[in-house]
Amino acid sequence: MFLAGEERDAAQILSDSLARDGLEIHLNTQVVAVRRQANRRSSTLSATDNKTSVVVDEDSRRHWART
């Protein structure tokens, strides 16, 4: 559960708000690799039976770092 130990409703409100802002939440996931390619960064995430890559451009990374 997102924000374990907090009220379920509060966690859902925060999760919904972050999703509206374009942020994806990956629960029970590990970052297994990070690569820099020009002005982008690529992270490989691993969950139980699934690997996925997330690409972030430098402008987006700075935007999210502010919050």
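These numbers were taken from a predicted model, which means no experiment stands behind them. The analysis underlying the following values was restricted to heavy atoms, covering all of them including side chains, and did not include hydrogens, waters or symmetry mates.
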Exercise for the section: Please list, chain by chain and in numerical order, all residues satisfying side chain to side chain donor-acceptor pair (under 3.5 Å) with Asn50, sequence neighbours excluded. Expected result: none
Handout entry: Any residue meeting side chain to side chain donor-acceptor pair (under 3.5 Å) with Glu24, in chain and number order, not counting sequence neighbours
Key = His26
Handout entry: Partners meeting side chain to side chain donor-acceptor pair (under 3.5 Å) with Thr29 (sequence neighbours left out)
Key = none
Problem - side-chain contact (heavy atoms from CB on, under 4.5 Å) between Leu45 and Val32, intermediate numbers included - result: CA-CA 6 Å; Leu45 310 177; Val32 294; over 6 Å; no
Problem - Atom pair CZ (Arg35) and OG (Ser42), whose distance is rounded to the nearest 0.5 Å - result: 4.5 Å
Exercise for the section: For residues Thr52 and Thr44, determine if any side-chain heavy atom of one lies less than 4.5 Å from a side-chain heavy atom of the other. Expected result: no
Side-chain donor-acceptor pairs of residues 9-20 under 3.5 Å, sequence neighbours excluded:
from  : atom 1 : to    : atom 2 : distance (Å)
Gln12 : NE2    : Asp16 : OD1    : 2.8

